[in-house]
*Asks:* 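To start, I am sharing the structure in question, which I have written as structure tokens.
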Amino acid sequence: MEIYDLFIKNTDCFRTKIYLNIVIFVFIIIVIFAPYCTKAQVDFPVSTSIQLSPPYSLTLADYVNNPSKINITLRVPDADAAPLQLKLKLIIKSNSISIQSKSTYIPTPIQLSGGDVEILDGTDLAGYFNLENLDFTGYSKQAYTTSQKLPEGIYEFAVEVYEAKRDIILSNIALTLAVLELNDPPIWTFPANNEVVEATNPQNVLVSWLPRHTGSPNSSFTTQYEVTMVELASENQNPNDAINSQSQTPFFSTTTSETSVILGPSLQAMVPGRKYAIRIKAVDNAGFGLFRNNGYSEVLSFVFGQPCLPPTVFRTTKISQRSATLSWTPSDRNDSYTVDVREAIDGYKDSDWHSASLNTSQSVQSNLEAGKKYEYRVMAGCKTLISEYSEIQSFNTLTSIVDNFSCDANATPSINGSTAVKTTFNINDKFKINGLWLTATTVSAGAGGKFTGSGYLQVPMLGFVKIKATFADISINNNDEALPGGTITIDAQ
């Protein structure tokens with residue numbers, strides 16, 4: 001029994017607490033809304049309502065410059081009511097700020113008769129939004145004048161109707177709530193900041209961003225994006241300084257309603273290895289300035305790929321009268337080459353170059369002329385990119401020396417006092433003719449100490465290049481010098 005009584009007592013206590021909380025809550029509601037409820041029960045001669053159209057601006061002038069942003073409807077329900085002269089009291093307030101019409105403001109009276117309905121828009125309300133006719137509390141007029149914006153927050157827009165001359169309230173309080181806030185500017189999704197994007201030819205770079213205003217209760221219905229890009233003067237130039245420079249001409253700019261742009265082949269060509277800075281500005285088409293930082297995103301910088309560099313360290317080998325082998329050391333990522341060759345003459349033109357394409361770092365040039373100077377240059381390919389041309393290189397083909405080795409009766413070889421003729425001459429033995437040594441690779445002996453065979457001449461002034469030659473009926477003295485007579489033939493290749 002005692003347990004039961006205790007339970008009942010505790011239950012009653014619990015119920016008492018609930019009822020007390022409910023009473024307190026109802027009391028608070030009554031205290032807060034009593035003024036409105038009391039006035040609502042009064043039969044005012046004028047009925048009024050207020051409506052705002054989103055998105056809501058934090059700038060008061062926008063409600064005048066865009067008349068449809070605000071509408072106030074006044075109606076005289078009693079068709080038999082006497083004509084009225086009315087004025088309004090505008091109230092705009094948040095939890096910390098209150099802005100309302102000055103009691104000393106005397107507007108042009110609004111004339112209404114029984115049964116009339118009057119709809120006022122921003123143009124009609126211009127005087128009520130004039131800063132000189134408003135009292136500011138919690139936020140100074142000077143602060144508003146400086147920023148031209150109210151602080152962000154939830155605001156109550158309200159209006160009351162008074163008799164124009166006697167300040168007697170003639171209507172209910174009409175109010176509406178509006179979330180006045182700025183939206184965040186977009187953020188970049190591609191490329192990442194300081195990323196090296198792939199450089200292609202033709203160029204094709206996608207830049208994209210993510211809007212951050214679409215989920216806002218004060219979202220701009222129609223937003224466009226102003227895209228501006230500049231090329232940095234150097235890799236160390238600050239991207240923000242470059243994008244904000246008044247003297248730097250934009251590399252690219254456009255306006256779009258999309259959330260990406262493609263830097264394609266129709267635009268100015270970017271230079272591989274160069275750095276670029278790009279920024280977006282989100283703009284609401286209505287011009288209400290609904291974005292933080294004036295709609296500007298962060299400045300993004302990126303590098304357009306790596307440059308394709310031409311080859312280096314050139315070599316010219318196997319030079320003869322009619323041919324030469326050109327070779328070079330590839331630069332990083334070189335995978336193809338264009339070799340241009342021309343004869344070095346005064347007054348040459350670019351059309352004098354003869355070009356060939358190849359995939360190796362060596363080119364054999366043939367059908368050249370003896371005793372001529374030639375120039376060549378090499379351009380490399382790196383996948384779809386191409387390099388600049390290398391510096392011009394040069395070489396000389398060998399001079400024809402056949403005439404200098406016609407060992408006939410009139411030849412006067414340099415003989416150092418010995419005319420004795422050798423009776424033996426073997427492979428790899430040498431003899432001198434006009435200051436050049438000929439090394440035998442084949443030899444056959446003839447009558448009278450004359451030898452026939454083949455070999456090669458070595459020319460010191462050409463890096464001891466070896467030139468093929470044949471000899472017939474050559475007599476050689478004990479100083480290894482060829483005596484007059486016989487013939488030597490040079491291989492022209």
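Counting from 1, the numbers follow the sequence of the chain as shown.
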*Asks:* Measure the CG-CZ distance between Asn218 and Phe288 for me, rounded to the nearest 0.5 Å.
*Replies:* 10.0 Å

*Asks:* Is a donor on one side and an acceptor on the other found under 3.5 Å between the side chain of Thr48 and the backbone of Thr73?
*Replies:* yes

*Asks:* Is there a donor-acceptor pair under 3.5 Å between the side chain of Thr397 and the backbone N or O of Glu369?
*Replies:* yes

*Asks:* Would you name the heavy atoms of Leu309 and Ala380 that are closest together and state the gap between them?
*Replies:* O-CB, 3.9 Å

*Asks:* So do Val64 and Leu125 actually touch side chain to side chain, heavy atoms under 4.5 Å?
*Replies:* no

*Asks:* In a check of side chain to side chain contact (heavy atoms under 4.5 Å, CB included) between Val46 and each of Ile169, Asp116, Leu86, Ile110, which one passes?
*Replies:* Leu86

*Asks:* Sub-3.5 Å donor-acceptor pair from the side chain of Ser323 to the main-chain atoms of Ser366, do we have one?
*Replies:* no

*Asks:* Considering non-hydrogen atoms only, spot the tightest contact between Ser297 and Pro186 and give its length.
*Replies:* CB-O, 3.4 Å

*Asks:* So, Asp340 and Ser355: side-chain donor and acceptor under 3.5 Å apart, yes or no?
*Replies:* yes

*Asks:* What pairs meet the salt bridge (Lys or Arg N to Asp or Glu O under 4.0 Å) rule with one or both residues in residues 182-202, with sequence neighbours excluded?
*Replies:* Asp184-Arg292

*Asks:* Work out which heavy atom in Leu368 is nearest to a heavy atom in Ala324; give both atom names and the distance.
*Replies:* CD1-N, 4.1 Å

*Asks:* So which of Leu88, Ile72, Asn71 actually passes side chain to side chain contact (heavy atoms under 4.5 Å, CB included) with Ile50?
*Replies:* Ile72

*Asks:* If I take atom CG from residue Leu263 and atom CZ from residue Phe251, how far apart are they, to the nearest 0.5 angstrom?
*Replies:* 8.5 Å

*Asks:* Classify the side-chain pair Thr189/Ser208 by whether it contains a donor and acceptor separated by less than 3.5 Å.
*Replies:* yes

*Asks:* What are the two closest non-hydrogen atoms of Ser331 and Pro310, and how far apart are they?
*Replies:* OG-O, 2.5 Å

*Asks:* Can Ser363 and Gln365 be counted as having a side-chain donor-acceptor contact under 3.5 angstrom?
*Replies:* yes

*Asks:* Can Trp353 and Tyr376 be said to form a ring-ring contact (aromatic ring centres under 6.0 Å, His included), step by step?
*Replies:* CA-CA 8 Å; Trp353 291 109; Tyr376 69 95; 9.0 Å; no

*Asks:* Determine whether a donor-acceptor pair (N or O, by modelled atom type, separation under 3.5 Å) exists between the side chain of Asp335 and the backbone of Lys383.
*Replies:* yes

*Asks:* Would you check if Asp167 and Lys87 make a side-chain contact, meaning some heavy-atom pair closer than 4.5 Å?
*Replies:* yes

*Asks:* Does some side-chain heavy atom of Val205 sit less than 4.5 Å from a side-chain heavy atom of Thr200?
*Replies:* no

*Asks:* Measure up the Tyr63 and Phe157 rings against each other and bin them: parallel (under 30°), tilted (30 to 60°), perpendicular (over 60°).
*Replies:* tilted

*Asks:* Decide yes or no for His213 and Phe291: does some side-chain heavy atom of the first lie under 4.5 Å from some side-chain heavy atom of the second?
*Replies:* yes

*Asks:* Among Val341, Val378, Thr317, find the one that has a side chain to side chain contact (heavy atoms under 4.5 Å, CB included) with Leu326.
*Replies:* Val341

*Asks:* With a 4.5 Å cut-off on side-chain heavy atoms, are Pro83 and Ser113 touching?
*Replies:* yes

*Asks:* Is the backbone N or O of Ser49 less than 3.5 Å from a side-chain atom of Arg75, with the two atoms forming a donor-acceptor pair by type?
*Replies:* no

*Asks:* Within the supplied structure, the quantity of interest is the number of heavy atoms (other residues, nucleotides, ligands) at a distance under 6.0 Å from Leu210 CG; does it exceed 12?
*Replies:* yes

*Asks:* Would you find a donor on one side and an acceptor on the other, under 3.5 Å apart, between the side chain of Asp62 and the backbone of Asn65?
*Replies:* no

*Asks:* What's the separation between atom CD1 in Ile92 and atom CG in Leu175, rounded to the nearest 0.5 Å?
*Replies:* 13.0 Å

*Asks:* Has Asn293 got a side-chain atom pairing as donor or acceptor with Tyr296's backbone, closer than 3.5 angstrom?
*Replies:* yes

*Asks:* Got a second to check how far Phe395's CZ is from Arg315's CZ, nearest 0.5 Å?
*Replies:* 15.0 Å

*Asks:* Okay, side chain of Asn193, backbone of Ser301: is any donor-acceptor separation there less than 3.5 Å?
*Replies:* yes

*Asks:* Taking 4.0 angstrom as the limit, do Lys141 and Asp135 come out as a salt bridge?
*Replies:* no

*Asks:* Of all the heavy-atom pairs spanning Leu358 and Trp328, show the shortest one and how long it is.
*Replies:* CD1-CH2, 4.4 Å

*Asks:* Rounded to the nearest 0.5 Å, what separation is found between the CG atom of Leu232 and the CD atom of Gln237?
*Replies:* 4.5 Å

*Asks:* Is there a side chain to side chain donor-acceptor pair (under 3.5 Å) between Ser390 and Tyr337 once you walk through the steps?
*Replies:* CA-CA 11 Å; Ser390 67; Tyr337 308 92; over 6 Å; no

*Asks:* So, the side chain of Ser171 versus the backbone of Val161: is there a donor-acceptor pair under 3.5 Å, distance only?
*Replies:* yes

*Asks:* Could you tell me which non-hydrogen atom of Asn334 sits nearest to which non-hydrogen atom of Cys382, and how far apart they are?
*Replies:* ND2-SG, 3.5 Å

*Asks:* When rounded to the nearest 0.5 angstrom, what distance separates CD1 in Ile280 from OG1 in Thr255?
*Replies:* 12.0 Å

*Asks:* According to the interplanar angle, ranging from 0 to 90°, do the rings of Trp209 and Trp188 count as parallel (below 30°), tilted (30 to 60°) or perpendicular (above 60°)?
*Replies:* perpendicular

*Asks:* Show me the pairs that pass side chain to side chain donor-acceptor pair (under 3.5 Å) and involve residues 258-279, at least two apart or across chains.
*Replies:* Asn194-Lys275, Glu231-Arg274, Asn244-Arg279

*Asks:* For residues Ser247 and Ser245, is any side-chain donor paired with an opposing acceptor at under 3.5 Å?
*Replies:* yes

*Asks:* With no hydrogens and no angle check, just 3.5 Å: does a side-chain donor-acceptor pair link Asn183 and Ser216?
*Replies:* yes

*Asks:* Give the ring-plane orientation class for Phe136 versus Tyr144, where under 30° counts as parallel, over 60° as perpendicular and anything between as tilted.
*Replies:* tilted

*Asks:* Can any side-chain N or O of Thr384 pair as donor or acceptor with the backbone N or O of Asn201 at less than 3.5 Å?
*Replies:* yes

*Asks:* Below 4.5 Å, heavy atoms only, C-beta onward: do Ile97 and Thr137 meet side chain to side chain?
*Replies:* no

